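Reckoned from all heavy atoms, side chains included, excluding hydrogens, waters and symmetry mates. Keep in mind it's a predicted model, so treat the numbers as computed, not measured. Reminder, nothing fancy here: chain letters follow the sequence lines and each chain counts from 1.
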Number of protein chains: 2
Amino acid sequence: MPNDPFQWDSREDCEVRQILDRIADKWSLLVMALLENRTMRFTELLKTVDGVSQRMLTVTLRQLERDGLVSRTVFPVIPPHVEYSLTDLGRSLNTTVTALVTWTESHQSDIAASRARYDEAVAG
Amino acid sequence: MPNDPFQWDSREDCEVRQILDRIADKWSLLVMALLENRTMRFTELLKTVDGVSQRMLTVTLRQLERDGLVSRTVFPVIPPHVEYSLTDLGRSLNTTVTALVTWTESHQSDIAASRARYDEAVAG
DNA sequence: CGGAATCCACGCCGATACTG
DNA sequence: CAGTATCGGCGTGGATTCCG
């Protein structure tokens, strides 16, 4: 029963938790969501992903590439031309990620309401 | 078209991103996964969620409670008795979270292999 | 038992400068 | 254009202590 949380949760060297931690990263989610539609270039991503620094985008893309979720294609021209796109693995992940994003969008108001209620109760 | 990544991604005050960031938090995912099965007490969670500190567990539970994903029930006895369980909202989220966890488990070896390949290429 | 509060180390990340 | 390298601040979170 691989879905039992007690299984993947209590193991010492659980690599799944590490992987999950990386996948659930803020910028990774954003980048993968953008690349779902089409191939993009570095600067393009930098301008589109609002708030990301060049450093973090570089680091994020390297990690995604290392995990085999994103492929990096370099065209040996001057000036350099690099394209990023999702791999098949990345695309298969994106289905679930999209579900997560969709859930958040649908329940955004519920959460906002809950927060308002909570803050009200604390303040009172 | 609420699912268009360019929508929720480029807006300045996008609350969805903030919510998503919190939901995708490492400990939140773990705690919710554990609470999917049953109600748990604080110390029980502390012992089960391997690696979490008391501080982080407290903070995580407070956030989850504020977001309306987890309910906190205090029994006014001595010694204190507090139970945590998922709300309906939390349960509806857990379906997608479980999907994410399942994906990670299924593709764990793919990612490990990709990492090994990447590291090999870098070292060589 | 289930926290709250305080202190502080460390590692993350932004800013900046430089390069092929 | 697409990075790498370096530095420094500061926020995150661990350890510890105390409390109802």
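The two residues B:Asn94 and B:Glu36 make their nearest non-hydrogen contact at ND2-CB, 3.0 Å. Closest of all the heavy-atom pairs between B:Phe42 and B:Leu57 is O-CD2, 3.7 Å.
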Legend entry - Working for salt bridge (charged side-chain N to carboxylate O under 4.0 Å, His left out), residues A:Glu44 and A:Arg38: CA-CA 12 Å; A:Glu44 205 179 352; A:Arg38 59 190 182 88; 2.8 Å; yes

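Judged by distance alone, the side chain of A:Thr87 and the main-chain N or O of A:Leu69 form a donor-acceptor pair under 3.5 Å.
Taking atom CE on A:Met56 and atom P on C:dA15, their separation rounds to 13 Å, with Å as the unit. Separating the NZ atom of A:Lys26 from the C1' atom of D:dT12 is a distance of 15 Å, rounded to the nearest angstrom. Spacing between atom CE of B:Met40 and atom C1' of C:dG3 amounts to 17 Å, rounded to whole angstrom units. Protein atom CG of A:Leu61 is 16 Å distant from nucleotide atom C1' of C:dC13, rounded to whole Å. A straight line from CD of A:Gln63 to C1' of C:dC13 spans 13 Å, rounded to a whole angstrom. Nucleotide D:dG20 holds its C1' atom 19 Å from the CZ atom of B:Phe75, rounded to whole Å. Look at CZ on A:Arg55: it is 10 Å from C1' on D:dT4, rounded to the nearest Å. Distance B:Glu83 CD to C:dG3 C1': 16 Å, rounded to the nearest Å.
Counting heavy atoms from C-beta on, the side chains of A:Leu30 and A:Val52 never come closer than 4.5 Å.
At a threshold of 4.0 angstrom between heavy atoms, the contacts of B:Pro80 include nucleobase atoms, whether or not backbone atoms are also involved. Using a 4.0 Å heavy-atom criterion, one finds that A:Tyr84 contacts the sugar-phosphate atoms exclusively.
Comparing A:Pro79 and A:Asp25 along DNA chain C, the residue whose closest nucleotide (by nearest heavy atom) sits nearer the 5' end is A:Asp25.
Taking 3.5 Å as the limit, the base of C:dA4 and the side chain of B:Gln54 contain a donor-acceptor pair of atoms between them.
The A:Arg41 side chain lies nearest to D:dA2 when the options are C:dG3, D:dA2, D:dG3.
At C:dC1, none of the side-chain N or O atoms of B:Thr43 fall inside 4.0 Å of OP1 or OP2 (strictly under the cut-off). Distances shown here put a side-chain N or O of A:Arg72 below 4.0 Å from the OP1 or OP2 atom of D:dG3.
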